[in-house]
Each structure stands twice: as C-alpha cells, then as structure tokens.
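No hydrogens, no waters, no symmetry mates; every other heavy atom, side chains included, goes into these values. So you know, we letter chains A, B, ... as the sequences are listed, proteins then strands, and number each from 1.
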There are 2 protein chains.
Amino acid sequence: MSQKIFVSAKEVADRAGVSRSAVSRTFTPGASVSAETRRRVLEAAEALGYHVNHLARGLMRNESGLVCLIVSEMDTPYRASLIRAISRHLQNASKIAMLINTDRSDRSVDEALKLAISYRADASIVLSGMPEKSITDLCVKSGQRLVLINRDEERAGALMINLRDQEAARQAFIAFQRAGCRSFAFANSDVGTPSLMAREEGFCAAGREFGVDVIVERFGATRYQSGVVLAQRLLTREVRPDAIFCANDLLACGLMDTARHQFKLAVPDDLCVVGFDDIEQTSWSSYQLTTFAQPVDRIAEEAVLWLSQPMTDSGRFCRMTPDLVWRESVRGG
Amino acid sequence: MSQKIFVSAKEVADRAGVSRSAVSRTFTPGASVSAETRRRVLEAAEALGYHVNHLARGLMRNESGLVCLIVSEMDTPYRASLIRAISRHLQNASKIAMLINTDRSDRSVDEALKLAISYRADASIVLSGMPEKSITDLCVKSGQRLVLINRDEERAGALMINLRDQEAARQAFIAFQRAGCRSFAFANSDVGTPSLMAREEGFCAAGREFGVDVIVERFGATRYQSGVVLAQRLLTREVRPDAIFCANDLLACGLMDTARHQFKLAVPDDLCVVGFDDIEQTSWSSYQLTTFAQPVDRIAEEAVLWLSQPMTDSGRFCRMTPDLVWRESVRGG
DNA sequence: TTGTAGGCGTTATCAG
DNA sequence: CTGATAACGCCTACAA
C-alpha cells in the first residue's frame, strides 16, 4: 500500500506567495479575493494539480456531498435505469452517489445505512428492502435525509415515494375486460415486495368489484425465468386464462415467450398480457408489451429535490401515477 | 439546510468514562484494548448511536475507502452487470463505490477524474471514454490506482483490462463458415469505441485471411434501435448476407427482431447471427443468441485486486478471452 | 482584502 | 493497557 501524496492548500499557498486562507477563499464561491491573488492562486493550483480535499471540507462544513444509494439486484433493467436517473440528478445538484449493493434482506439494508452514517452521507436513498425503525430514526436524528422508494411502511422524517399500484392494477383489469377477456390471472414472484403485492391486491380487488374470479400464481424471484414457470403453471390449468397481468415486465417477457414458443399461443389473440415498469425490452418488436411506465425521471427528481428541503419531523408521502403505455399485447387499445 | 449532528468519539468517551483514544482503539481492528474498556465503549457507542467518521479517518489514514466508477450509459445491460460485479467485489474489499455518470465525451471523463481526486478516492475505474494523459498522470502521481476497462490506449501506472476482441471475431467468422454461410457482414454502431472497432477489424481480417469479402455497416448508438436500422440496410442489399456478426448483443437483438418480423427471415436457417457480451436477454427464448460472454466477474475481480497491489510505474495489461456461448442463432454448433 | 489562530473528528506516537 | 498530544487539510471567525 503505497503512500498517497495529494497536494494540499499549503503547498499552493507557498508557491503563490499567499496565505493558506487565500487559497481556501479562492475555491469558496462567495468569498472575497482580489483578482490578482485569485489569479496567482489558480495558476499555482493548476501547476501543482491541486484539488480541494472534499473529505476535509466535508468535515468542516458538516456536509460531505455524498448520497448513499441502497439497492439490490441493480443490474435489473428497471433498477439500472432508476439508478442512472438518480445519479444524474444528484450530479446536477453537485452531489455524488455512493452505491451499496444489498442482498435485499432487511439486515443488509441496515448495514448499508450504518455505512452511510459512517461516511456522513448527506442523504440515503433506499430502493430495496426495509430498514429497521431504530436505524432510520438514527439517520434522521443525525440530520441525514432519507428517501424510501416503493416501500410501504412509514418512517418519520423520510420521504416516501410510491406509485398508485392498486389503481394501475384496476386499470389493467378494465383494459382486459374491454378486450373481451374472460379468465383473469395475476402472475407474481414470491418475494413479497410491497409494490408487487399492491399490484396483486389491486387486481384481485378489481376482480371482486366486477364479480370475476382471479387466479393468482406466485413463483421465485422477480425475473424472466420465473415468468417461464408461471406461464407453465397458468397455461396448463383446466380453464386457461386469456388475460394475465404480470407483477413486472421481466415476468411478462418470460411469460409471453413461453406462451408463444412452448404453448403456441398468439398474443394478443389467444392471450392478453400487461406488464409493469416499461423497461426498454418491452418496446422491442418481439414483445411490444402493453405496460405501466414508472416515472423514473420524476421519481429521481423528487428524491433529489427532497435533499434540499428543510427538515421536517413528520416525513412526506409522494404518490405518483404510472402511465399505461399501449402496445400490442392487449386487443383493442 | 438543517444542521447535522452526528455523535463523536468524544461523547462516547465521556459516557463510557474513558479517553478518546480508547474509543478509537476499540474501533481499530489491530489495537490493544482491555475487554472491560472495550465493553464499556461498545455499550456507550450503541446507546448513543456512534459510528466512526470515515471522512476524518480517511483524512488521517490517507485512505478514504472510496473508489470511483466512471461510466456512461450505465443502464445498458452489460454495463449494469459490470457495475454490479465491481461494486460487490469492492464491498468485499471493504471499499465503497462512488458512481459518476459521464456522457462518454473524454472531457466529462476528465471532470469525473478530477472529482475522484477531490474526494481522495483510493482508485478510479474507467468504463467509458478515455481520459487525457495529463489527468491520468496526476491520478497516478497522487497515488491513486487507476483501472481502464476496454480502452485501447496505454496509460502509465494503470491497469488496462482488455478482451481478445480480434481473436473472438475470427472465431465467429470460422463458426459462420462451418455453418455454411457464404455472405458475411459486420454490423457496428458508429461511436467507434476501441473494443467495438477491434471486433470489426478482427472480423474483416478473418475475411481477408480466408479470401472472403466482408460487408461493414455502421450506424448510430450501440443500442437496439441501431440494430433495427442496420438490419434494414444489410438485408436489402443485392446479395443479402447470411452471416452477420454484431458488435454487441443489443445490436444483435434489434437486428434479429427486424430480420424475423420485418423481413420474415428464419434464424438460423436463412441468417446466422453472433453477438457480443452475453447479456441476459440473449438467453431469452425469443433470441437464443450465440454470443461471446464477457467475463464480467473476472474483470471485476482483477480490477479490485489491482487496488491492493504495490504501485508500479509501468502499468499492466490484462487480456482476457471471451467465451463463445453456443445457442440457436448459428447453424451447427 | 489579507493573514493568524482555532477547531472539525480521527488516528498515530509516545510516555506512563 | 491507557491517556495526553500532535498531526491530517480544510474552513471560519477575528483582527490587521
């Protein structure tokens, strides 16, 4: 482990023939420095390759500029696009994203939040799992911003961004009805994420509302492969569903592929499918999936906006409406 | 902007009735503390919610624990999986990833590296674009580790991880020949990334080697939509290619979809296709694409390993061989 | 406008 | 094993 030798403000000051404070002031936006001093400092800094030490600055200012992103399975299309959107918005706000991988267990999310505290992150944004109240309380008490995305529980002092999953599910149900579908199913993973469960419940509730039975099948992780299995289970039932709402697009892709290739069904003629997220693949011509678009960019925007809001004790809910994107996997439209 | 009030070692020391040093030692792995002192410190820390300030620790130890990931278009499947792999390996090495989005211009990469210096990152890993020599020199001079992935230029003191793109391209060519293909094409984007160009050159070189003409078409970004356009251009030529090597999987998916749906061609009977990356979608039953797998996990492993290697002036090349994954898009296999 | 002095929360060093 | 003390690099009064 070799020594790191970054150049410090003192060296710049010496070379420029000014005091350390002059250097500091040169790099502090609102400070007063004469043009001449500034010029000499900048010149020396350039020559030496000086860059303000954000660690030390953060120590003084009590503001690190770091924002912690806590997320599991980040290579999943929807997650990846959300991370990208958030990190871009953060950069625009002169913050920088620290990325922490979790395994989706609540304990590993707790560990991640502790790490965020250790790094004196200005904020933490949780995309996966639900941290313990004692930890989130500590975050908030420490003055850290906290954003929970698509989690259902409330946390004091945090911003909770949620989608109207249930309403969307109802909308999907109605779309199926308009398409003349008669046998309805919901295809879910068995991980029990709040937003996934909300979609399931919303779809079942719509079934009750309209006096129609809804079959629910759950299996595995929320991925393509589970969609394959779900299709095999649902499409071999005595009364085969002709309308399947999938908890997300990945499941829908696996399900559609299997319906077509293994069961030789035509979508949407034999089977209507609706997904959720609007990941890029749904627009590919092999899928053309009708789905609900998560307002990824707006979620990111709201999350980052919250970081500069004055602290409140109560926390805030922010509910957004996903847009139904009509493509070719449902008749009519 | 409300004040942040994190609890400090002094407060823990006061509560536990010991000195600040004792607290520090308790949280420093190799240090010697009596069991009793340790217990009292831990108890006080727990009660107060104390967490070591990594910013201050980094200042002292001259080691921030931060590693900067510089990447553009990070929501792309291959990039996302690489980021995930790297961030997991970093976590195992008790480092933490800082994520910086660039627009792939070399200038924005330079800016990102300056940010990495400002945060005293222990290392920077560049996945996109090529930073200026003056900047990379500064990084290395400052004692920062530097890893360049899939870049072609050399940089002193850096680890450069590359794939044997040309050899892979030759292998693809031979696979096409074995499948009995007669008219060869290479489908590329027009961004000119080193690794993409290497694949193109390797494929053309193989054509020359075997005395066969190779058509090259380039268009747009390295994404699905460009694959669509490339298919339209290539498949309307007088002599229609029956073997197309795509610069990456995203292009291949767009090209395959278009070949099948718009041109009603059967893959692999009418057209053989090979891609590159082995993104998850290639294993979906709509594609079953034969492709070269990037050794994502090994790349991540090597990159992280480099961070703990003793510093050398010369830098190091690390070349890896992508594995050809046989699926259904090429006859034979 | 400028320089000086003190402190931010740590860790390393060195007596005890 | 423990506690005082001096850094680390920076910012912010305060006084000049």
Side-chain angles (χ1 to χ4, degrees), chain A residues 1 3-42 44-45 48-66 117-122 142-143, chain B residues 1 3-42 44-45 48-66 117-122 142-143:
Chain A
M1 201 60 75
Q3 279 308 312
K4 285 200 289 189
I5 331 115
F6 289 98
V7 21
S8 75
K10 179 175 169 23
E11 301 173 54
V12 177
D14 289 349
R15 183 183 233 261
V18 296
S19 73
R20 275 168 246 122
S21 343
V23 178
S24 177
R25 278 191 280 263
T26 302
F27 291 99
T28 304
S32 58
V33 204
S34 73
E36 172 58 11
T37 309
R38 175 182 210 79
R39 195 190 56 72
R40 277 166 48 193
V41 169
L42 253 33
L48 263 36
Y50 169 76
H51 291 269
V52 179
N53 184 333
H54 275 49
L55 265 42
R57 169 181 278 182
L59 205 55
M60 269 304 298
R61 293 212 181 143
N62 214 4
E63 193 181 345
S64 62
L66 264 22
I117 292 178
S118 285
Y119 274 98
R120 299 304 188 257
D122 297 337
S142 305
Chain B
M1 201 61 73
Q3 277 309 311
K4 286 201 287 189
I5 332 117
F6 290 98
V7 20
S8 76
K10 181 175 165 25
E11 301 173 54
V12 177
D14 289 349
R15 184 185 233 260
V18 295
S19 71
R20 264 172 282 157
S21 323
V23 178
S24 175
R25 278 191 283 262
T26 302
F27 290 100
T28 303
S32 59
V33 203
S34 73
E36 172 58 12
T37 308
R38 176 182 208 78
R39 196 189 57 72
R40 278 165 47 193
V41 168
L42 253 35
L48 263 35
Y50 168 75
H51 291 267
V52 179
N53 185 334
H54 275 50
L55 265 43
R57 168 181 281 181
L59 204 54
M60 266 307 296
R61 293 211 182 145
N62 212 6
E63 193 179 345
S64 62
L66 265 22
I117 293 178
S118 286
Y119 275 98
R120 299 302 187 256
D122 297 335
S142 305

Chemist: Determine the contact category for B/Y50: base if any of its heavy atoms lies under 4.0 Å from a base atom, sugar-phosphate if only primed atoms, P, OP1 or OP2 are that close, otherwise nothing.
Modeler: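 Sugar-phosphate: the residue B/Y50, judged by heavy atoms under 4.0 Å, touches backbone atoms but no base.
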Chemist: Quick check for you: among C/dC8, C/dT1, C/dT11, whose closest atom lies nearest to any side-chain atom of B/R57?
Modeler: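 For the B/R57 side chain, the nearest candidate turns out to be C/dT11.
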Chemist: Using atom CG of B/N62 as one end and atom P of D/dA7 as the other, report the distance to the nearest whole Å.
Modeler: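 Spelled out: CG on B/N62 to P on D/dA7 is 16 Å.
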Chemist: Tell me which of A/H51 and B/A31 sits closer to the 5' end of DNA chain D, going by the nucleotide each one is nearest to.
Modeler: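 Going by which nucleotide is closer to the 5' end, it is B/A31.
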Chemist: Is the closest side-chain heavy-atom distance between B/L42 and B/Y50 below 4.5 Å?
Modeler: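 No, side chains not in contact.
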Chemist: Please check the phosphate of D/dC10 (OP1 and OP2 only) for any side-chain N or O of A/S24 closer than 4.0 Å.
Modeler: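 No, outside the criterion.
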Chemist: What is the distance, to the nearest angstrom, from the CE atom on A/M60 to the C1' atom on C/dT10?
Modeler: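 From A/M60 CE to C/dT10 C1': 15 Å.
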Chemist: Check B/S142 against A/F6 and note the closest heavy-atom contact, atom names and distance.
Modeler: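 Looking at all heavy atoms of both residues, the shortest contact is CB-CE2, 3.3 Å.
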Chemist: Nearest to the side chain of A/S19, which nucleotide is it out of C/dG3, D/dG3, D/dT12?
Modeler: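 Closest of the options to the side chain of A/S19: C/dG3.
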Chemist: What's the closest nucleotide to the B/S32 side chain, out of D/dT2, C/dT1, D/dT5?
Modeler: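 Nearest to the side chain of B/S32 among the choices is D/dT2.
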Chemist: Among D/dG3, D/dA7, D/dC10, which nucleotide sits nearest the side chain of B/V18?
Modeler: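 Selected nucleotide: D/dG3.
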Chemist: If you only use heavy atoms from C-beta on, which nucleotide in D/dT2, C/dT2, C/dT10 is closest to the side chain of A/R25?
Modeler: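 Ranking D/dT2, C/dT2, C/dT10 by closest atom to the A/R25 side chain puts C/dT2 first.
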Chemist: Round to the nearest Å and state the distance from B/K10 atom NZ to D/dT5 atom C1'.
Modeler: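 In whole Å, D/dT5 C1' and B/K10 NZ are 15 Å from each other.
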Chemist: A/R20 has an atom CZ; how far is it from atom P of C/dG3, in whole Å?
Modeler: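 Roughly 11 Å, once rounded to whole Å.
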Chemist: For a quick check of understanding: with a heavy-atom distance under 4.0 Å over all strands, which category does A/V33 fall into, base, sugar-phosphate or nothing?
Modeler: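 Contact class for A/V33: sugar-phosphate only.
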Chemist: Atom CG of A/D14 to atom P of C/dG3: distance rounded to whole Å?
Modeler: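 About 12 Å, once rounded to whole Å.
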Chemist: Nearest whole Å is fine: how far is D/dC8 P from B/Y119 OH?
Modeler: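 That distance rounds to 23 Å.
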Chemist: Are any of the side-chain heavy atoms of A/N53 and B/L59 separated by less than 4.5 Å?
Modeler: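 The answer is yes, as the side chains (C-beta and beyond) meet within the 4.5 Å cut-off.
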Chemist: Looking at the base of D/dG9, is there any donor atom on it, or on the side chain of B/R120, that sits under 3.5 Å from an acceptor on the other one?
Modeler: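 Checked by distance alone, the answer is no.
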Chemist: When you get a sec, tell me which of D/dA4, D/dC11, C/dT10 is the closest nucleotide to the side chain of A/V52?
Modeler: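 The nucleotide sitting nearest to the side chain is D/dC11.
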Chemist: Nearest nucleotide by nearest heavy atom, which residue falls closer to the 5' end of DNA chain D, B/L59 or B/G17?
Modeler: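 Result: B/G17.
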Chemist: Using a heavy-atom cut-off of under 4.0 Å over every strand shown, decide if B/S34 touches base, sugar-phosphate, or nothing.
Modeler: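 Contact class for B/S34: sugar-phosphate only.
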Chemist: Taking CD from A/E63 and P from D/dT12, how many angstroms apart are they, rounded to a whole number?
Modeler: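 So the two atoms are 11 Å apart, to the nearest Å.
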Chemist: Figure out the CD/C1' separation between A/E11 and D/dC8, and round it to whole Å.
Modeler: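 Nearest whole value for this atom pair: 13 Å.
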Chemist: Would the base of C/dT4 count as contacting A/S21 through its side chain, where contact means a donor and an acceptor less than 3.5 Å apart?
Modeler: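 Check passes, donor-acceptor contact within cut-off.
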Chemist: Would you check if the side chain of B/R40 reaches a backbone N or O of B/A16 as a donor-acceptor pair within less than 3.5 Å?
Modeler: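 Checked: pair present.
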Chemist: Could you grab the distance from atom OG of B/S118 to atom NE2 of A/H54, nearest 0.5 Å is fine?
Modeler: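 Going from the OG atom of B/S118 to the NE2 atom of A/H54 covers 5.0 Å.
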Chemist: If you count every heavy atom of other residues, nucleotides or ligands that lies below 6.0 Å from A/R57 atom CZ, does the total exceed 12?
Modeler: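 Correct, the count exceeds 12.
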